J.: 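This is the structure, below, for whatever I ask next.
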Amino acid sequence: MIAPSILSADFARLADELAAIAGADWVHVDVMDAHFVPNLTLGLPVVEALLKVTDIPMDCHLMIDDPDRWAVGYAEAGAHNVTVHAEAAGDPVKLAKDLKAAGAKAGLSIKPDTPLEPWLDVLKHYDTLLVMSVEPGFGGQSFMSEVLGKVRQARRLVDTGHLDLLVEIDGGINSDTIDLAAEAGVDCFVAGSAVYNADDPGKAISALRDRAARIRGGA
Ligand code: DX5
Ligand code: ZN
């Protein structure tokens, strides 16, 4: 699955930018609060407006403090998957239950330096694991291959039935790096600049999906 990130889109033309990625599996929406990360993007009112103009399942990535207070609103608005950061959540198990009760999938994200092990029990309650492959905050950064060990570990746990979730990766994914991520076992690839800086975003999505499928298909 390919989830283009609208962080690299033209914020003055978001409806058109959603139309340009009609072939995407999910659309990834980065919510940043200038506290959890040193950047500020958009919040629930913009997400609600975007949900009205697209049928692409929305993947909301909340890079915010106190997600226990704010995340459920995104699920209630109709987001398909709502991801919170393990480093910010107060009661991540309750939060997963609340997100699912509100009709969304629940996602847990870990920053590049956050180990996977302490979160394995919590992850039993989650539908997606978002492994950050850049420090969260900005698009267009370089892929950190050192996070692939966590991806491989999560893949093994899913394949052996210890976890039941989609493994998602976010940051620095492009036609060069997607092979490494696919080999490690990623199911869903977020790509911001690689899609929106391409001349044809639709073609960029297909090309990324083909590369990943060639590797995962043979896995
Ligand atoms: C970074 C965001 C990413 C970002 C990815 O904090 O979470 O979703 O948009 O952008 P690229 O694909 O350009 O690294
Ligand atoms: Zn993101």
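Count residues from 1 along the sequence. Order of listing sets the numbers, starting from 1, for every ligand and every atom in it. Only this structure's heavy atoms are used, side chains among them; waters, hydrogens and symmetry mates stay out. All values derive from a computational prediction rather than experimental measurement.
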J.: Out of all atoms in ligand 1, which are within 4.0 Å of some heavy atom of G171? Include the element for each.
T.: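 Selected atoms, number and element: 14 (O).
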J.: Taking it one step at a time, do I110 and V147 satisfy side-chain contact (heavy atoms from CB on, under 4.5 Å)?
T.: CA-CA 10 Å; I110 50 174; V147 307; over 6 Å; no
J.: At under 4.0 Å between heavy atoms, which part of S193 makes contact with ligand 1: side chain, backbone, both or neither?
T.: both
J.: Between ligand 1 and A194, can you find any atom pair, the residue atom being a heavy atom, that is separated by under 4.0 Å?
T.: no
J.: List the closest protein heavy-atom neighbour of atom 12 (O) of ligand 1: residue, atom name, distance to the nearest 0.1 Å.
T.: G192 N, 2.7 Å
J.: Restricting to N/O/S, name the atom of H28 that gets closest to the Zn ion (ligand 2).
T.: NE2
J.: Can you name the N, O or S atom of D30 that is closest to the Zn ion (ligand 2)?
T.: OD1
J.: Atom 10 (O) of ligand 1: which protein heavy atom is closest, and how many Å away?
T.: G139 CA, 3.6 Å
J.: Quick one: does S8 get an N or O within less than 3.5 Å of an N or O on ligand 1?
T.: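 N/O-N/O distance below 3.5 Å does not exist for this pair.
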J.: Give the name of the N/O/S atom in H61 that lies closest to the Zn ion (ligand 2).
T.: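 The nearest such atom is ND1.
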J.: Kindly indicate, with the supporting measurements, whether the criterion side-chain contact (heavy atoms from CB on, under 4.5 Å) is fulfilled by D59 and H80.
T.: CA-CA 6 Å; D59 180 32; H80 180 72; over 6 Å; no
J.: Near D164 CG, under 6.0 Å, is it more than 12 heavy atoms from other residues, nucleotides or ligands?
T.: no
J.: From the options G137, A9, G172, select the one whose nearest heavy atom is closest to atom 14 (O) of ligand 1.
T.: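 Closest candidate by heavy-atom distance is G172.
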J.: Examine the side chains of D30 and T41 and answer whether a donor and an acceptor come within less than 3.5 Å of each other.
T.: no
J.: With side chains defined as the heavy atoms from C-beta onward, is the minimum distance between E117 and Q153 less than 4.5 Å?
T.: yes
J.: Looking only at protein heavy atoms, which one is nearest to atom 1 (C) of ligand 1, and how far off is it?
T.: F138 O, 3.5 Å
J.: Among protein heavy atoms, which sits nearest to atom 9 (O) of ligand 1, and what does the distance come to when rounded to 0.1 Å?
T.: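 For atom 9 (O) of ligand 1, the nearest protein heavy atom is S5 OG, 2.8 Å.
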J.: Side chain or backbone, does G140 bring an N or O within less than 3.5 Å of an N or O on ligand 1?
T.: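 Yes; the residue has a nitrogen or oxygen that sits under 3.5 Å from a nitrogen or oxygen of the ligand.
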J.: Check each atom of ligand 1 against the heavy atoms of H28 and keep those under 4.0 Å away; list them by number with element.
T.: 8 (O)
J.: Is any N or O atom of E135, backbone or side chain, closer than 3.5 Å to an N or O atom of ligand 1?
T.: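 So ligand 1 has no N or O lying under 3.5 Å from an N or O of E135.
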J.: Sub-3.5 Å donor-acceptor pair from the side chain of D68 to the main-chain atoms of D91, do we have one?
T.: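 Checking the backbone N and O of D91 against the side chain of D68, a donor-acceptor pair under 3.5 Å is found.
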J.: I want to check something: taking the side chain as every heavy atom from C-beta on, are S109 and D170 in contact at a cut-off of under 4.5 Å?
T.: no
J.: Atoms of ligand 1 less than 4.0 Å from A191 heavy atoms?
T.: 12 (O)
J.: Considering only NZ, NE, NH1 and NH2 on the basic side and carboxylate oxygens on the acidic side, decide whether D187 and R216 come within less than 4.0 Å.
T.: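 Salt bridge: yes.
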J.: What are the atoms of ligand 1, with element, lying closer than 4.0 Å to any heavy atom of P136?
T.: 6 (O)
J.: Give a yes or no on whether L108 and L99 share a hydrophobic cluster (residues Ile, Leu, Val, Met, Phe, Trp, Tyr; joining criterion: side-chain heavy atoms under 4.5 Å apart).
T.: yes
J.: Going by heavy-atom distance to atom 5 (C) of ligand 1, choose the closest among D170, I169, T177.
T.: D170
J.: Hey, which atoms in ligand 1 end up nearer than 4.0 Å to a heavy atom of M63?
T.: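 Taking each heavy atom of M63 in turn, ligand 1 has 6 (O), 7 (O) under 4.0 Å.
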J.: So which of I2, N81, I21 actually passes side-chain contact (heavy atoms from CB on, under 4.5 Å) with W26?
T.: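 It is N81; the other options fail the test.
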J.: Are L120 and V131 in one and the same hydrophobic cluster, where Ile, Leu, Val, Met, Phe, Trp and Tyr link if side-chain heavy atoms are under 4.5 Å apart?
T.: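 Yes.
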J.: Enumerate the atoms of ligand 1 whose separation from the nearest heavy atom of H61 is less than 4.0 angstrom.
T.: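 Under 4.0 Å from H61, ligand 1 has these atoms: 7 (O).
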J.: Would you name the N/O/S atom of D170 that lies closest to the Zn ion (ligand 2)?
T.: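 The D170 atom nearest to the Zn ion (ligand 2), restricting to N, O or S, is OD2.
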J.: Which atom pair, heavy atoms only, marks the closest approach of Y74 to V31?
T.: OH-CG1, 3.6 Å
J.: Should Y126 and T83 be marked as a side-chain contact (heavy atoms from CB on, under 4.5 Å) after you check the CA-CA gap, both sets of side-chain angles, and the distance that decides it?
T.: CA-CA 9 Å; Y126 278 83; T83 291; over 6 Å; no
